[in-house]
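Lettering of chains follows the sequences in order, A, B, ..., and the numbering in each one begins at 1. Keep in mind that what you see is a predicted model, and the values were worked out from it rather than measured. Values below: all heavy atoms of this structure, side chains included; hydrogens, waters and symmetry mates excluded.
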Amino acid sequence: MNDALPRDFIRQIIHSDLETGKHTAIVTRFPPEPNGYLHIGHVMSICLNFGVAEETGGRTFLRFDDTNPGKEREEYVEAIERDVRWLGFDWDERLTHTSDYFDALYDYAEQLTRNGLAYVDSLSADEIRAHRGTLTEAGKNSPYRDRPVEDNLDLFRRMRAGEFADGEHVLRAKIDMASPNINLRDPALYRIRHVAHQHTGDKWCIYPMYDFAHTMSDALEQITHSLCTLEFEDHRPLYDWLLDQLKPEHRPRQIEFSRLNLAYAITSKRKLNALVDDGVVSGWDDPRMPTIAGLRRRGYPASALREFVKRGGVTKKDKLIEMAVLENCIREELDFSAPRRMAVLQPLKVVLTNYPQGQVEMMPSSNHPNRPEFGTREVPFSGELFIEQDDFMEDAPKKFFRLKPDGEVRLRNGYIIRCDEVIKNKAGEVVELRCSYDPDTRSGTGTSDRKVKGTIHWVSAAHALPAEVRLYDRLFTVPDPNAAEDFMAVLNPDSLATARVMLEPSLAELGVGEAVQFERLGYFCVDSVDHSAKAPAFNRIVTLRDSWAKVEQQAIAQRG
RNA sequence: UGGGGCGUGGCCAAGUGGUAAGGCAUCGGGUUUUGAUCCCGUGUACCGCAGGUUCGAAUCCUGCCGCCCCAGCCA
């Protein structure tokens with residue numbers, strides 16, 4: 001793939017900081033809150049944060065932003081680590097938690113308080129909200145705003161000591177209740193929460209708020225560039241205010257970029273959760289989910305995801321990227337790396353009437369037409385085969401290059417056959433084709449160089465490996481389900497179809513994580529959860545591009 | 001009606017005063033024992049709109065319009 005280094009505005013800033021000597025090494029961080037699974041949107045943040053460090057010889061922290069105990073779980077920590085690692089990034093020993101810094105954070109809070117820049121407010125949450133004002137009206141000072149420093153210190157210490165109940169007091173920064181930026185209207189720094197923390201246990205009953213904890217954690221980790229999404233733009237003045245007041249040795253800089261939104265997908269944690277809870281999908285790793293776990297189980301290669309993010313770019317513009325971009329990345333990677341195999345999704349029996357009774361030939365078949373180093377495999381061929389139902393049409397349009405009555409077609413890696421007779425059941429459905437093969441046309445060794453227009457795939461009936469294949473499609477019917485009034489109302493009812501299929505026998509050896517191309521159909525992989533030797537289960541990763549689909553529609557339309 | 005952002009072809013995106021890269025998609029064509037891949041070709045982009053500065057503007061200035069974000073003791 002093309003490896004020209006992207007030069008988005010963030011990388012421009014970073015390179016400039018390196019050139020001017022402002023920094024000698026870049027330090028970034030990917031700071032998820034362990035309260036859910038990572039999704040495609042996070043892939044961008046991960047690639048950006050780890051990417052810029054990697055490109056410049058810097059380093060990146062994987063920091064769990066765990067300042068809200070009760071909503072965070074160890075299960076998510078493990079999943080996040082697995083996902084980041086799977087994407088191809090490594091944090092070495094730089095795995096941290098915001099909770100690792102609770103002591104230091106507390107000291108910073110006391111410092112602020114001592115300097116008269118923070119105070120303990122005893123208003124209720126509702127009262128604080130009322131005092132905050134609105135978007136267009138200034139807020140009002142809390143009656144506790146001018147509490148003496150000593151009282152604030154005493155109260156804050158007692159908050160920490162557990163003398164108060166949840167909500168009784170809160171530590172607030174003393175900034176400006178009239179600021180047009182609501183984040184500067186004396187934001188809360190610490191709240192009381194008598195909840196055991198997954199890491200610190202019962203040591204604390206007060207926990208720092210995001211803005212405070214994140215800013216100072218960045219400083220403590222000596223982060224040089226704190227990259228986050230656009231919605232935190234309004235928080236930057238607070239970020240900078242904290243750094244201005246506390247003057248840590250290292251001053252990080254926050255830079256915001258726009259989220260990556262994928263068409264026909266949803267990334268809201270709440271909505272994703274609803275899909276799981278309502279059983280719309282089988283779980284967080286359902287192959288239709290935009291979670292990293294889902295994408296992985298679907299069979300999307302990590303490298304393709306990285307490429308996708310790269311193509312999307314880093315900007316500040318709201319974007320909704322077409323699914324086609326992602327699919328192109330997937331196909332590009334898989335076309336290069338996936339061995340070819342044959343499988344029939346909708347079997348139609350074909351009997352070769354002139355093929356020697358009981359004969360079986362092993363047909364050498366290329367594993368990759370464009371990469372001879374992939375070698376070949378032997379595929380059993382016999383007088384009874386399955387072909388795809390779609391590859392036969394009784395009343396075919398002119399441009400139908402497949403099998404039709406009295407027509408010829410090439411069996412991939414096999415022979416040219418002619419359809420002599422169509423057998424139907426009582427319902428008039430085609431259930432079997434009687435064909436004759438041309439012995440002179442064996443692939444590779446045939447004495448005839450006769451050409452036919454079409455080539456179709458097949459599987460020998462006696463050797464076929466029955467399996468279940470899940471055919472996935474987009475989860476929603478509209479490009480921007482986030483904008484839908486009710487996202488549950490725009491679910492695609494056909495996002496999953498399962499089929500009983502016939503596979504070429506070599507597919508029995510395919511392992512989890514290995515993707516193959518079922519020729520003419522698409523890319524598939526073994527399902528990491530439901531697959532077993534007795535009950536093989538495959539997932540369709542993505543279809544092949546299908547220009548015939550368009551031609552077919554036109555042809556059908558023309559026939560009226 | 002406060003503040004902060006953003007607006008370049010269908011979707012992304014380069015471009016940072018000198019006369020609009022590239023990718024994806026689309027539509028043609030070539031090669032092909034995958035209607036795949038690959039290879040060619042394909043868009044008059046009034047650079048949100050209107051003014052202005054300039055020899056010259058997507059790039060600078062002014063005004064307007066549109067979209068997104070913010071009133072958690074969530075992150």
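Under 4.0 angstrom from either OP1 or OP2 of B:A13 there lies no side-chain N or O belonging to A:Arg7. Remark: A:Asn328 is in phosphate contact with B:A25, judged by side-chain N or O atoms under 4.0 Å from OP1 or OP2. In this structure, A:Arg402 does not reach the B:G35 phosphate: none of its side-chain N or O atoms is under 4.0 Å from OP1 or OP2. Contact check, A:Thr134 against B:A71: no side-chain N or O comes under 4.0 Å of OP1 or OP2. The phosphate of B:A14 (OP1 or OP2) has no side-chain N or O of A:Gln12 nearer than 4.0 angstrom. Taking 4.0 angstrom as the limit, A:Lys319 places none of its side-chain polar atoms (N or O) nearer than this to OP1 or OP2 of B:C11. Close to B:A75, at under 4.0 Å from its OP1 or OP2, lies a side-chain N or O of A:Arg191. Dashed line: the shortest gap from a side-chain N or O of A:Lys550 to OP1 or OP2 of B:C27 is under 4.0 Å.
If you check every strand for non-hydrogen atoms under 4.0 Å, A:Lys453 touches nothing.
Note: A:Tyr190 and A:Tyr106 have perpendicular aromatic rings, judged against thresholds of 30 and 60 degrees for the angle between ring planes.
Here B:C70 is the nucleotide among B:A25, B:A75, B:C70 with the atom lying nearest to any side-chain atom of A:Asp234. Ranking B:A36, B:C27, B:A75 by closeness to the A:Arg545 side chain, first place goes to B:A36. The side chain of A:Tyr210 lies closest to B:A75 when the candidates are B:G35, B:C68, B:A75. Distances were taken from every side-chain heavy atom of A:Leu544 (C-beta onward) to each of B:U34, B:G23, B:G4; the shortest belongs to B:U34.
Note: A:Tyr415 and A:Phe381 meet the aromatic proximity criterion, with ring centroids under 6.0 Å apart. In summary, the aromatic rings of A:Phe61 and A:Phe30 are positioned with their centroids too far apart to meet the 6.0 Å limit.
Remark: ring of A:Trp548 overlaps the six-membered base ring of B:G35 in a stacked fashion, centroids less than 5.5 Å apart, planes less than 30° apart.
In this structure, B:G18 is classed as anti because its glycosidic torsion departs from zero by more than 90°.
Comparing B:U53 with B:U19, their P atoms sit 23 Å apart, to the nearest whole Å. Distance check on atom P: B:G72 versus B:G15 gives 39 Å, rounded to whole Å.
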